[in-house]
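The residues of the chain are indexed from 1 along the displayed sequence.
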Amino acid sequence: MIATNFKIEIDEKRAEGILKEIARDKMSGWLNLPRRYDMGEFARIKEAAQKIQEESEYLVCIGIGGSYLGHRAIIEALRPKSGTKIIYAGNSLSRRELERALSEVGDADFSINVISKSGTTLEPAIAFEAFKKKLFEKYGEEEGKSRIYATTDAKVGTLHDEAVRNGYARFVVPDNIGGRYSVLTAVGLLPMAVAGVDIDKLLEGAAEAVESAVRPAVEYATMRHSLGTKGYDTEVFASFEPATMFFNEWLKQLFGESEGKNKQGIFPAAVIYSTDLHSMGQFMQDGRRNLFETIIDYPTDEMNAKVVQAVKIAHMQGGIPVLTITPSSYDEKGFGELVYFFELTCAISAKMFGVNPFDQPGVEAYKNELKKLMGEK
């Protein structure tokens, strides 16, 4: 069970209304997903993962934003000892990064999991073409097609149509779940299963959190909103485990895309201690007091525990509000619980700021400008 170190007075009527409003939203499919997962698809995910493990040294996961951050966060945090190695591509427009990924695969056996609801997002589309070319050159077109796994819209879209036309194995990005809330769908479950993550335990933890995480999520969201209205407009997520760096990155996307609208929201930042105490520690201790700190206190060794305690004392003495989230365990079950807890907190918090947690209209602005510069093609 998620534990917190703070208590705050809750407006129970308002909290109940927000929870009901979230449940009614057309994009709230993640809310009860852990307890209502399509077990037919779940079995297909595990079957596909086993096939990929048996025939491939690498799985190239192609996607950007919510299509890769969540599952990369959990894979890198847990670092499973068995499973196929995951290589990530299509999350930038850097030619160097694409060439590096192609070079890392080299002549090894590989498969592709392309993750995109539409198939038209520029970064993954470019990477998919490059890796598809490499795949067909190595295996021929027919076997190459059998090594492509498309996680996309159930009915429409460029990638959906290509997958149907060419017989790629297909998994669904649900219509009622946005990318940053999709960690526990096929978007995240397939690559995690391939990497050796126990996805049964992951969903077990998330399913338990459907009830157990509600109260702490309401408390945390209320605390964030209270701090935000008092001028604390930056939240620094702090972890003391270097392997959780990408979990911090997922949190930044989750809260940044969900809250940052209509000139509202709290800016999400992240650090890894004790490493960043030697770069950002001075600012945290003595810089502007417009920030608060949320420490994710993963179960850890004795030395790290002492550093956690020292940081809390020093930063609170320096005038920083310090919140602490303590996961129940550092394993699949614990991360399943943690993912659900932060998703629910984020949705509640965004509603408290009066914005829609499930859209991202601002993201389209740069895309539209890029189209003008490059031409629609």
Side-chain angles (χ1 to χ4, degrees), residues 37-64 67-68 70-76 78-91 97-116 119 124-152 154 159-173 182-203 332:
Y37 204 92
D38 180 343
M39 298 314 294
E41 181 181 68
F42 195 69
R44 287 182 57 238
I45 287 171
K46 292 200 282 189
E47 182 181 349
Q50 183 177 352
K51 178 177 181 290
I52 293 168
Q53 289 174 338
E54 289 171 353
E55 66 183 18
S56 296
E57 184 178 346
Y58 295 104
L59 175 66
V60 181
C61 282
I62 298 173
I64 194 167
S67 294
Y68 94 104
H71 56 82
R72 184 171 188 176
I74 293 173
I75 290 168
E76 298 207 4
L78 295 177
R79 296 178 179 172
K81 294 181 180 179
S82 61
T84 294
K85 184 174 180 181
I86 308 297
I87 290 179
Y88 296 94
N91 50 63
E97 280 300 296
L98 180 55
E99 290 175 349
R100 182 203 59 76
L102 289 163
S103 176
E104 186 174 353
V105 171
D107 294 326
D109 287 318
F110 74 102
S111 298
I112 296 172
N113 180 202
V114 54
I115 307 167
S116 176
I126 289 172
F128 184 38
E129 288 303 312
F131 273 99
K132 187 165 53 176
K133 181 175 183 290
K134 183 179 180 69
L135 194 74
F136 291 168
E137 287 174 351
K138 181 175 178 63
Y139 298 106
E141 193 166 322
E142 288 309 307
E143 184 181 347
K145 290 176 181 178
S146 73
R147 289 173 173 266
I148 297 176
Y149 300 79
T151 307
T152 188
L159 181 56
H160 166 272
D161 295 346
E162 178 180 339
V164 170
R165 188 168 60 248
N166 292 287
Y168 304 157
R170 284 187 293 132
F171 296 93
V172 173
V173 180
S182 69
V183 186
L184 301 175
T185 72
V187 169
L189 293 180
L190 177 59
M192 285 191 284
V194 172
V197 173
D198 188 331
I199 59 175
D200 289 278
K201 288 184 178 178
L202 190 76
L203 279 185
E332 285 91 343

Q.
Determine whether L189 and V197 satisfy the following criterion, side chain to side chain contact (heavy atoms under 4.5 Å, CB included), listing intermediate values before the conclusion.
A. CA-CA 9 Å; L189 293 180; V197 173; over 6 Å; no
Q) Do L159 and F128 pass the side chain to side chain contact (heavy atoms under 4.5 Å, CB included) test, and can you show the C-alpha distance, the side-chain angles, and the key distance before you say yes or no? A) CA-CA 10 Å; L159 181 56; F128 184 38; 4.1 Å; yes
Q: Show your reasoning for whether side chain to side chain contact (heavy atoms under 4.5 Å, CB included) applies to V187 and V183.
A: CA-CA 6 Å; V187 169; V183 186; over 6 Å; no
Q.
Working note: K133 + E137, criterion salt bridge (Lys or Arg N to Asp or Glu O under 4.0 Å); need CA distance, chi angles, decisive distance, verdict.
A. CA-CA 6 Å; K133 181 175 183 290; E137 287 174 351; 2.7 Å; yes
Q: Begin with the C-alpha distance, continue with both residues' side-chain angles, and end with the deciding distance and a verdict on side chain to side chain contact (heavy atoms under 4.5 Å, CB included) for E104 and K85.
A: CA-CA 11 Å; E104 186 174 353; K85 184 174 180 181; 3.0 Å; yes
Q: Mind running salt bridge (Lys or Arg N to Asp or Glu O under 4.0 Å) on E97 and R100 for me, showing each step along the way?
A: CA-CA 5 Å; E97 280 300 296; R100 182 203 59 76; 3.4 Å; yes
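Listed by first then second residue, pairs satisfying salt bridge (Lys or Arg N to Asp or Glu O under 4.0 Å) with a partner in residues 191-200 read K46-D200, not counting sequence neighbours. Judged as a salt bridge (Lys or Arg N to Asp or Glu O under 4.0 Å), the pairs with a partner in residues 48-57 (not counting sequence neighbours) are, in order, K51-E55. The salt bridge (Lys or Arg N to Asp or Glu O under 4.0 Å) contacts involving residues 164-173 comprise nothing, where partners must be two or more places apart or lie in separate chains.
Between the CD1 atom of I126 and the CD1 atom of I62 there is a distance of 11.5 Å, given to the nearest 0.5 Å. Taking NZ of K145 as the start and CZ of F136 as the end, the distance is 6.0 Å to the nearest 0.5 Å. Taken to the nearest 0.5 Å, the SG atom of C61 stands 7.0 Å off from the CG atom of L190.
Scanning all heavy atoms of the two residues, the minimum distance from A130 to L102 falls at O-CD2, 4.2 Å. Contact record, I87 with A101: CG2-CB, 4.1 Å, taken as the closest heavy-atom pair. When every heavy atom of E162 is checked against every heavy atom of Y168, the shortest pair comes out as OE2-OH, 2.8 Å. Looking at every heavy atom in both residues, I64 comes nearest to G90 through CB-O, 3.6 Å. Closest approach of P191 to I86, counting heavy atoms only: O-CD1, 3.8 Å.
Shown here are the side chain to side chain contact (heavy atoms under 4.5 Å, CB included) partners of T84, two or more places apart in sequence or in another chain: Q53, L59, V194. Taking F42 as the reference, Y37 meet the ring pair (Phe, Tyr, Trp, His ring centres under 6.0 Å) condition, with sequence neighbours excluded. The salt bridge (Lys or Arg N to Asp or Glu O under 4.0 Å) check on E41 picks up nothing, with sequence neighbours excluded.
Judged by distance alone, the side chain of R79 and the main-chain N or O of E76 form a donor-acceptor pair under 3.5 Å. Of the possible donor and acceptor atoms, none in the side chain of K132 sits under 3.5 Å from a partner among the backbone N and O of I148.
Between I199 and E332 the shortest side-chain heavy-atom distance does not fall below 4.5 Å. A 4.5 Å side-chain heavy-atom check between N113 and F171 finds every atom pair outside the cut-off. Put simply, the side chain of Y68 does not reach to within 4.5 Å of the side chain of I115, judged on heavy atoms. Using a 4.5 Å cut-off on side-chain heavy atoms (C-beta onward), L78 and I74 make contact. Inter-residue side-chain proximity for T151 and T185 is flagged as unmet; no heavy-atom pair is nearer than 4.5 Å. A heavy-atom distance below 4.5 Å is not found between the side chains of R147 and I112. A 4.5 Å side-chain heavy-atom check between H71 and Y88 finds at least one atom pair inside the cut-off.
Using the six-membered ring where Trp is involved, F131 and F110 have ring planes that are perpendicular, over 60° apart on the 30 and 60° scheme.
Residues Y139 and D109 have side chains that bring a donor and an acceptor to within less than 3.5 angstrom of each other.
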